[in-house]
Number of protein chains: 2
Amino acid sequence: MGNQKLYKGSLQTIILQLLASNEKMYGYEITQKVKELTKGELNITEGALYPALHKLEADGLLDVEVANVGNRLRKYYKLTENGSKETANKVSEMQEFLRTMQHLVNPKFSLE
Amino acid sequence: MGNQKLYKGSLQTIILQLLASNEKMYGYEITQKVKELTKGELNITEGALYPALHKLEADGLLDVEVANVGNRLRKYYKLTENGSKETANKVSEMQEFLRTMQHLVNPKFSLE
DNA sequence: TTTTATGCATAAGAATTTTATGTATATATT
DNA sequence: AATATATACATAAAATTCTTATGCATAAAA
């Protein structure tokens, strides 16, 4: 069930970015969306996801809204104002990392 | 002195890739080379580097050769045969990660 | 009726890093 | 001459972030 391919530290940014383009999402939905977008390459485990969501909420980057669908519980998360700012920061930091890694791994390649 | 931008799990790959293009290097040299190649964006700390080198050696991916330069100690590392194979694997895994992240972070962008 | 999917959660352990030290020599600066 | 900076190794404690293993519960499918 492992991941192998998720570098540690990138999960928060992934969650924030998904919420930047989807308005509101619940946990299980996020795991499915990531699986879909990455064609099964990234599998966000619940043991990583839920603590990450709780931390983002505690840090004031996400708001939560509980909903009952049928007889099941869902917790919808959406970006706060502060969360939107932080998303922009974290995404561009990751872009920077991606460029840096490209330079290290393939010095002849440049995204610019 | 922190890094902020080094995702956990990428250090081994960085070291291996540097050694794939530089034949042999010693620890301090690696820290300086990374700083140079990334224009100061990535700072490999010694507390991360040396244990990582020792682990790569223990795993049979690196050979070490001690040298005295002036009156100072240097430990030159180079890839073993097995290390070269593993480098190729880890580098393409990272390339895969870079592509995947690009899709998540900027779905309109593709490296292919 | 048993498995799979949906949906949340937490705890123990592993892996990888940061931060803080420690030792020592060489060179540059005041 | 004294002090700071650069070079060069190393380790240990703490923090971070994940995996793996559980647990609970409802709904749908086999």
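Bear in mind that the values here come from a model prediction, so they are computed numbers and not experimental data. Throughout, a chain's letter reflects where its sequence line sits, starting with A, and its residues are numbered from 1.
- Atom C1' of nucleotide D:dC18 and atom CG of B:Leu6 are separated by 15 Å, given to the nearest angstrom.
- More than 12 heavy atoms of other shown residues, nucleotides or ligands fall within 6.0 angstrom of atom CD in B:Glu36.
- Each of B:Leu18, B:Leu53, B:Asp63 was evaluated against B:Tyr77; a single residue qualifies, B:Leu53, per the side-chain contact (heavy atoms from CB on, under 4.5 Å) test.
- One can place CD of B:Gln12 at 6 Å from P of C:dT16, the figure rounded to the nearest angstrom.
- Across all strands shown, C:dT2 forms a Watson-Crick or G-U wobble pair, both distances under 3.5 Å, with D:dA29.
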Protein-nucleotides 28-30 of chain D N/O pairs closer than 3.5 Å?
none

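- Spacing between atom CD1 of A:Ile15 and atom P of D:dT17 amounts to 12 Å, rounded to whole angstrom units.
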Exercise. Apply the test side-chain contact (heavy atoms from CB on, under 4.5 Å) to residues B:Val91 and B:Thr13: give CA-CA distance (whole Å), side-chain angles for both, the deciding distance (0.1 Å), then the verdict.
Key: CA-CA 6 Å; B:Val91 167; B:Thr13 308; 4.2 Å; yes
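- Counting to the nearest Å, the C1' atom of C:dT16 and the OH atom of B:Tyr7 are 15 Å from each other.
- Sequence order on DNA chain D of the closest nucleotides to A:Asn71 and A:Leu49 puts A:Leu49 first from the 5' end.
- Both A:Ile44 and A:Val64 are assigned to one and the same hydrophobic cluster, defined by single-linkage of ILVMFWY side chains at heavy-atom distances under 4.5 Å.
- Protein atom CD1 of B:Ile44 is 17 Å distant from nucleotide atom C1' of D:dC9, rounded to whole Å.
- In this structure, the CG atom of A:Asn43 is 14 Å from the C1' atom of D:dT20, given to the nearest Å.
- Between B:Phe97 and A:Ser10 the shortest side-chain heavy-atom distance falls below 4.5 Å.
- Looking at heavy-atom distances under 4.0 Å, B:Ser10 makes contact with sugar-phosphate atoms alone, never a base.
- B:Pro51 and B:Glu46 make their closest contact through CD-O, 3.8 Å (heavy atoms, listed as atom of the first residue, atom of the second, distance).
- Contact record, B:Gln17 with A:Val105: NE2-O, 3.3 Å, taken as the closest heavy-atom pair.
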Practice problem: Using a 4.0 Å cut-off on protein heavy atoms (strictly under), produce a 5'-to-3' string for nucleotides 8-14 of chain C with B for base contact, S for backbone-only sugar-phosphate contact, and - for none. | Solution: BBB---B
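- Contact check on B:Arg99 versus B:Glu96 returns a salt bridge, with a Lys/Arg side-chain nitrogen under 4.0 Å from an Asp/Glu carboxylate oxygen.
- One interatomic measurement links the two molecules: CE of B:Met25 to C1' of D:dA8, which rounds to 14 Å at whole-angstrom precision.
- None of B:Asn82, B:Leu16, B:Ile15 except one satisfies the side-chain contact (heavy atoms from CB on, under 4.5 Å) rule with B:Thr87; the exception is B:Leu16.
- As a whole-Å value, the separation of B:Ile30 CD1 from D:dA10 P is 11 Å.
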